[in-house]
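Only one structure is covered here, and it is reproduced in the block below.
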Amino acid sequence: ERVAASALHCLCRRDFGAGRLRLRMTPESCVVRPTVFAKVIIYRLNVIRNNNIMLEKGLSAQSRTTVTNENTAAAMGSGDLPVFATPSMVALMENAAMTAAAAALPDGSTTVGAEMNVTHIKPSGLGAEITATAVLTEVDGRRLTFNVGARDAEGMIGEGVHIRYVVDREKFMAKLH
């Protein structure tokens, strides 16, 4: 039995007696082959295959900004001090994650942020150069998990985990209407 290559989780249970199914990836598909074992085994592929585009663990990107009056806590309303705002740091981390996946996506697809769990460790003042880094650590179907971090010249200012989903642009935007 052939299963589409884009299937990322394969739990195969068929009438092969008390057998286990083994999946072997080929460039075009998953091939399911029975073997003689006493249980069913699950194989998870850590890539998304769609139009020969693959998202693999380890993809990464960086985004940079400078702390200005416009991205401070005082200006954004998240605090009243002239320091790099947590919402600005989160947006920079999201941008790095989006950028990391963007080049590997098929035409018509994008990613959308769904969850951000982050700690803002220390403040950065006006003029500080901030660099956010995102590294793809897990691919689970359309769900992408990134480790994210942000640094200034003095070291780490924030870190966390960010989850994004691969979506079809047209289908996603159609949900607005």
Side-chain angles (χ1 to χ4, degrees), residues 2-12 20-33 40-67 71 84-122 124 128-173:
R2 295 177 80 72
V3 179
S6 63
L8 297 173
H9 293 277
C10 299
L11 173 60
C12 302
R20 174 173 81 176
L21 298 178
R22 185 172 61 201
L23 302 180
R24 186 189 74 203
M25 283 305 296
T26 66
E28 296 80 34
S29 64
C30 273
V31 178
V32 181
R33 302 200 186 276
V40 173
I41 186 167
I42 300 170
Y43 283 91
R44 277 176 56 176
L45 304 176
N46 284 317
V47 294
I48 293 177
R49 293 173 186 258
N50 189 352
N51 296 336
N52 295 324
I53 305 297
M54 293 175 35
L55 290 171
E56 296 183 5
K57 289 196 274 184
L59 285 176
S60 66
Q62 293 184 331
S63 293
R64 292 180 173 79
T65 195
T66 301
V67 180
N71 59 13
F84 194 51
T86 300
S88 296
M89 182 184 72
V90 167
L92 197 63
M93 291 171 165
E94 277 198 280
N95 182 265
M98 179 207 58
T99 302
L105 295 173
D107 290 340
S109 294
T110 190
T111 60
V112 293
E115 184 177 327
M116 179 67 84
N117 183 358
V118 67
T119 302
H120 198 159
I121 300 167
K122 72 176 230 34
S124 299
E129 296 289 328
I130 310 296
T131 301
T133 303
V135 179
L136 183 59
T137 59
E138 182 180 352
V139 177
D140 183 10
R142 297 180 311 112
R143 179 183 162 143
L144 309 177
T145 303
F146 294 86
N147 282 345
V148 292
R151 306 179 68 82
D152 63 14
E154 297 178 20
M156 186 68 70
I157 66 164
E159 61 187 356
V161 175
H162 177 44
I163 296 172
R164 300 186 72 77
Y165 283 87
V166 177
V167 298
D168 179 274
R169 288 175 184 271
E170 287 183 21
K171 289 179 183 177
F172 188 82
M173 294 305 292

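Predicted model, so just to flag it, every value in this text is computed and none were measured. Residue numbers count from 1 along this sequence.
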### Side-chain donor-acceptor pair present, Asn95, Ser63, cut-off under 3.5 Å
yes
### Query
Side chain of Thr137, backbone of Thr145: donor and acceptor closer than 3.5 Å?
yes
### Message
For the NZ atom of Lys171 and the OG atom of Ser109, what is their distance to the nearest 0.5 Å?
### Response
9.5 Å
#### Entry: Asn71 backbone acceptor or donor facing Ser88 side chain under 3.5 Å
yes
## Note on the structure
Closest heavy-atom pair, Ala61 versus Ala96, reported as atoms and distance to 0.1 Å, is CB-O, 3.4 Å
### Summary
Nearest heavy-atom contact between Ala100 and Leu59 is O-CD1, 3.9 Å
### Query
Only one of Val118, Asn117, Ile121, Val148 clears side chain to side chain contact (heavy atoms under 4.5 Å, CB included) with Glu159; which?
Ile121
### Query
Are Glu138 and Arg143 close enough for a salt bridge, meaning some N to O gap below 4.0 Å?
no
### Message
So, taking the atom named CG in Leu55 and the one named CZ in Arg142, what distance separates them when rounded to the nearest 0.5 Å?
### Response
12.5 Å
### Atom pair CD (Glu94) and NE2 (His162), whose distance is rounded to the nearest 0.5 Å
4.0 Å
### Query
To the nearest 0.5 Å, what is the distance between CD1 (Ile157) and OG1 (Thr131)?
9.0 Å
### Contact summary for Ala101 and Phe146, nearest pair of heavy atoms
CB-CZ, 4.3 Å
### Query
Going from CE on Met89 to CE on Met116, what distance comes out if it is rounded to the nearest 0.5 angstrom?
8.0 Å
### Query
Do Lys122 and Asp152 come within less than 4.5 Å of each other through their side chains, counting heavy atoms only?
yes
### Query
Atom CG of Leu105 and atom CG of Leu144: how far apart are they, to the nearest 0.5 Å?
7.5 Å
### Query
Within a reach of under 6.0 Å around CE of Met156, are more than 12 heavy atoms found that belong to other residues, nucleotides or ligands?
yes
